[in-house]
Number of protein chains: 2
Amino acid sequence: MAHDTILTGSNISKVRSHNLRAILVGLLRYPSLSRAALARMTGLSNTTITNLVAELVHEGIVVEQGVEEPSPRRRVGRPQMLLRLVPEARYAVGVSIGVGRTRVALTDLRATIVQDEVWAHPHDQPARQAVDTITLRASSMLKRLGVTSRQLVGLGVGASGLVDPEMGVNVYAPNLGWRDVPLAQWMAEALGGLPVVVDNNVRAMALGEALFGQERQPTALAFVYGRIGVGAGLVVNGQIYRGSAAGAGEIGHTTVVVQGGERCRCGNAGCLETLVSEPVILRSAEQLAQLEPQGILATTLRCEAGPTIERVFAAARAGDRSTMAMLQERAMYLGVALANLVNVFNPERIVLGGVFAQGYDLFMPTLVETVSHRAFANLGEKVQFQTPSFGHLAGVVGAAALALESFFYQHPEWALEVTR
Amino acid sequence: MAHDTILTGSNISKVRSHNLRAILVGLLRYPSLSRAALARMTGLSNTTITNLVAELVHEGIVVEQGVEEPSPRRRVGRPQMLLRLVPEARYAVGVSIGVGRTRVALTDLRATIVQDEVWAHPHDQPARQAVDTITLRASSMLKRLGVTSRQLVGLGVGASGLVDPEMGVNVYAPNLGWRDVPLAQWMAEALGGLPVVVDNNVRAMALGEALFGQERQPTALAFVYGRIGVGAGLVVNGQIYRGSAAGAGEIGHTTVVVQGGERCRCGNAGCLETLVSEPVILRSAEQLAQLEPQGILATTLRCEAGPTIERVFAAARAGDRSTMAMLQERAMYLGVALANLVNVFNPERIVLGGVFAQGYDLFMPTLVETVSHRAFANLGEKVQFQTPSFGHLAGVVGAAALALESFFYQHPEWALEVTR
DNA sequence: CTATTTTGTTCGCTTTCTTGATTAATTAAT
DNA sequence: ATTAATTAATCAAGAAAGCGAACAAAATAG
């Protein structure tokens with residue numbers, strides 16, 4: 001039965017919270033709206049909108065912005081009093097736990113980062129210690145900024161590996177060396193019972209992009225992230241789609257080469273991960289550099305600074321033919337996998353993060369061509385590609401989005417209700 | 001904006017319909033429930049349940065079945081009065097428009113078929129004529145059975161090809177030779193304004209299986225249908241998932257052979273359809289039969305009666321090695337595609353319909369092995385395979401399910417409201 | 001300066017669910 | 001056999017929410 005929304009009864013107070021959320025989401029999507037516009041949008045009466053808005057204004061979440069500018073469109077009648085969401089009325093904390101890095105950020109209601117900090121952590125740091133560092137840094141950041149628990153909607157955690165969001169447990173994270181870490185419980189305890197939402201980091205990124213990205217909200221979005229492995233977070237109608245066993249979006253193990261592919265760490269052969277992840281690209285690049293010790297690639301790898309992967313991309317951009325060809329081949333394989341993703345999931349947009357964002361310009365031509373060619377009919381041409389709206393902050397913003405999502409969309413009893 | 005459920009305001013009367021639906025869905029899923037059990041399940045008060053049930057009883061949709069049997073579990077207290085859905089209180093019409101066949105059926109509220117009829121239609125029959133035949137036959141069936149429009153919840157149509165459910169239009173059906181046929185409008189006009197829901201036939205089958213199949217309701221289900229082409233219908237939480245451009249589940253065009261595959265009618269090469277559809281299997285079988293004119297396959301094809309594809313399967317069952325090997329190879333390719341489906345969509349169950357159901361026993365061993373081997377981690381082992389609960393009636397039952405779904409789950413103003 | 005239009009508010013009404021008391025029907029214990 | 005305990009279902013009173021109608025506010029059009 002799980003928590004079947006259809007079997008759960010409704011009542012008047014739920015109607016009220018739903019309507020409050022409708023108003024808030026409307027004000028989240030549009031920069032400003034009048035009460036009349038809200039009434040038209042929601043189908044509620046003017047009376048109801050007046051009453052609910054009064055409460056939101058009282059809470060400081062909404063503010064009257066002043067009267068509408070006179071415009072040629074509006075002809076007669078009393079001008080609208082425009083309402084605006086006050087982003088800094090509440091805050092969310094986002095925590096992104098990556099492979100060697102942890103990042104914590106405070107964001108406002110629009111998921112705009114107020115402050116953030118990053119630090120490296122040792123590769124085999126015990127989970128408990130990592131969590132203690134996080135909670136310590138988070139609470140000192142909150143104290144420093146003078147954010148009280150009353151102003152916080154919650155804390156979201158995006159962690160790599162297999163995560164159980166119901167339990168708030170990081171079930172298995174090989175890259176971190178963790179197993180069954182009760183992240184939500186530990187963090188909530190350390191932070192005085194703050195609501196904590198935990199999910200996989202790529203899924204969090206996908207949610208952040210879908211809800212708070214620059215483009216309009218998509219009906220279906222895939223956030224494809226490549227680094228050590230390759231995975232996708234899927235969002236449908238503003239909600240994370242996890243599949244029946246939290247396995248949705250595991251495209252890193254799409255079989256791209258049916259016969260005689262390279263062995264993958266998952267046990268199979270010919271997986272996408274064996275063809276396009278960061279380590280694999282680096283390995284190929286090294287081989288190419290050895291073949292041409294005086295080539296652009298080899299010299300760039302020797303002389304330039306910065307992350308190795310960036311140097312490989314730089315060499316391709318500088319005109320190294322063999323590197324370019326190697327990357328185009330990778331892009332073709334990624335394209336085959338994404339065409340399959342398109343045929344199954346049919347997203348409106350695909351966001352490419354991680355290495356794919358770093359080498360976006362290099363991958364795109366071949367990728368777009370492969371996808372529009374291999375996907376069914378014109379599905380491949382309809383899908384839009386983009387880089388993450390929040391760049392390398394996609395992780396924390398996504399994590400914060402987990403908390404913001406339950407504030408705006410899910411949670412029936414939120415901060416507002418407490419005060420009444 | 002489309003029809004964003006979050007932006008739509010709610011009110012008390014919607015609460016009431018929601019609660020009525022919660023009760024109905026509960027009674028749909030369990031053979032019988034007491035008022036007290038319904039109260040616990042929905043979280044509503046006993047009083048509310050009493051009132052709402054009274055209405056449903058008054059409408060004849062629910063009936064008191066008698067007092068609970070004394071059991072060791074129940075110890076003290078007044079025994080529960082068990083309530084039961086009356087399936088024959090309302091009916092739905094399902095229309096399945098296949099390649100050379102149309103089937104119409106009347107079902108009750110549990111999607112059990114009361115009566116059905118099939119007929120063949122000429123391959124290039126004009127759409128208008130086909131629709132006229134359908135509505136004529138449907139209304140004469142209704143008249144014959146004495147079903148009034150008051151007792152009907154609606155009519156569902158499952159049609160092959162690309163369908164726009166919002167508009168009720170069959171946009172493009174190459175197998176039928178149709179383009180932009182306004183099925184919903186034509187049928188509603190001919191049937192006195194009966195609510196008509198139109199969708200793709202495989203999606204309808206998936207819905208029928210998910211809502212009314214023998215197994216418990218899955219969180220995510222894929223119905224894979226193979227005949228001329230191969231496609232999948234996806235259902236998530238009891239709702240059809242269509243993707244952003246109605247392209248979700250087009251697995252027939254999964255690229256299985258990356259380099260040098262056979263050309264597909266979609267323009268690409270190496271698509272799943274070029275490897276496992278009915279025509280392709282028949283073609284391979286003919287080639288095998290020519291190689292061994294005295295083999296089991298060749299003689300079976302010559303002598304036996306029935307559809308050719310069945311004779312191919314019969315030959316394999318009778319021990320024809322080369323046919324068996326050929327089918328196993330097909331199963332392997334299907335397995336690769338389904339493993340990718342599992343990695344992206346992660347369904348709880350995969351239902352195999354069409355040719356895959358006919359040759360289920362022959363495909364399964366290789367298929368299961370390939371999927372559990374190639375899908376990520378243990379995702380492939382977790383997924384359950386099955387044949388359609390409604391066999392060759394999956395099409396009509398699914399079509400009826402389209403109408404029943406809007407009765408049970410969607411439609412805010414349903415037959416009930418009219419009488420109050 | 002008046003009519004018109006659109007926005008926003010106040011008041012009384014209707015609808016629905018809930019709480020708490022009450023009745024009903026059974027088992028367990030004295 | 002009688003009483004207490006327990007669970008199921010109903011009744012009566014009350015609370016909460018949204019709605020429609022009337023009204024006030026603030027602009028334009030003529």
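In the text below, chain A, chain B and the rest are named by the order of the sequence lines, each starting its count at 1.
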Practice item. Considering just the side-chain nitrogens and oxygens of Arg35(A), establish if one lies under 4.0 Å of OP1 or OP2 belonging to dT9(C). Key: yes
Point to revise | Presence of donor-acceptor pair under 3.5 Å, side chain of Thr47(A) and base of dG20(D) | key: yes
Review point. Hey, does the side chain of Thr48(A) come within less than 4.0 Å of dC19(D)'s phosphate (OP1/OP2), counting only N and O?
Key: yes
Review point. Starting at CG of Leu20(B) and ending at C1' of dT16(C), how long is that distance when rounded to a whole Å?
Key: 11 Å
Exercise for review: May I have the distance from Leu38(B) (atom CG) to dC17(C) (atom P), rounded to whole angstrom?
Suggested key: 14 Å
Exercise for review: Using modelled atom types only, decide if a donor and an acceptor are shared between the side chain of Thr50(B) and the backbone of Asn46(B) within a distance under 3.5 Å.
Suggested key: yes
Revision key, fill the gap. Closest to the side chain of Asn19(B), out of dG18(D), dC17(C), dT6(C), is dC17(C)
Exercise for review: Could you tell me the separation between the CG atom of Leu44(A) and the C1' atom of dG18(D), rounded to a whole number of Å?
Suggested key: 8 Å
Exercise for review: Tell me whether the OP1 or OP2 atom of dA9(D) has a side-chain N or O from Arg40(B) closer than 4.0 Å.
Suggested key: no
Review point. Taking for each residue the nucleotide of DNA chain C with the nearest heavy atom, is it Ala36(A) or Gly77(A) whose nucleotide lies nearer the 5' end?
Key: Gly77(A)
Exercise for review: Have a look at Asn51(B) and say if it touches a base, only the backbone sugar-phosphate, or nothing, with a 4.0 Å heavy-atom cut-off.
Suggested key: nothing
Check your understanding: Over how many whole Å does the gap from Arg78(B) atom CZ to dT27(C) atom P extend?
Key -> 14 Å
Practice item. Using a 4.0 Å heavy-atom cut-off across all strands, classify Asn46(B) as base, sugar-phosphate, or nothing. Key: base
Exercise for review: Quickly work out the Ile49(B) CD1 to dA8(D) C1' distance and round it to whole Å.
Suggested key: 13 Å
Review point. In chain order, what residues pass the side-chain contact (heavy atoms from CB on, under 4.5 Å) check against Ala206(A), with sequence neighbours excluded?
Key: Leu221(A), Phe223(A), Val235(A)
Revision key, fill the gap. Taking for Ser45(A) and for Ala37(B) the nucleotide of DNA chain D with the nearest heavy atom, the one nearer the 5' end belongs to Ala37(B)
Exercise for review: Give a yes/no answer on whether the side chain of Thr50(B) brings an N or O atom under 4.0 Å of OP1 or OP2 in dA9(D).
Suggested key: no
Check your understanding: Between Ile12(A) (CD1) and dT14(C) (P), how many Å, whole number?
Key -> 16 Å
Point to revise | Presence of salt bridge, Glu64(B) and Arg35(B), under 4.0 angstrom | key: yes
Exercise for review: May I ask you to decide if Gly9(A)'s main-chain N or O and Lys14(A)'s side chain share a donor-acceptor pair within less than 3.5 Å?
Suggested key: yes
Point to revise | Which residues share a salt bridge (charged side-chain N to carboxylate O under 4.0 Å, His left out) with Glu215(A), sequence neighbours left out | key: none
Review point. With nearest nucleotides of DNA chain D determined for Gly43(A) and Glu64(B) from heavy-atom distances, which residue corresponds to the more 5′ nucleotide?
Key: Glu64(B)
Revision key, fill the gap. Gln80(A) CD to dT6(C) P, in whole Å, measures 11 Å
Practice item. Check the distance between dT14(C)'s C1' and Asn11(B)'s CG and give it to me in whole angstrom. Key: 12 Å
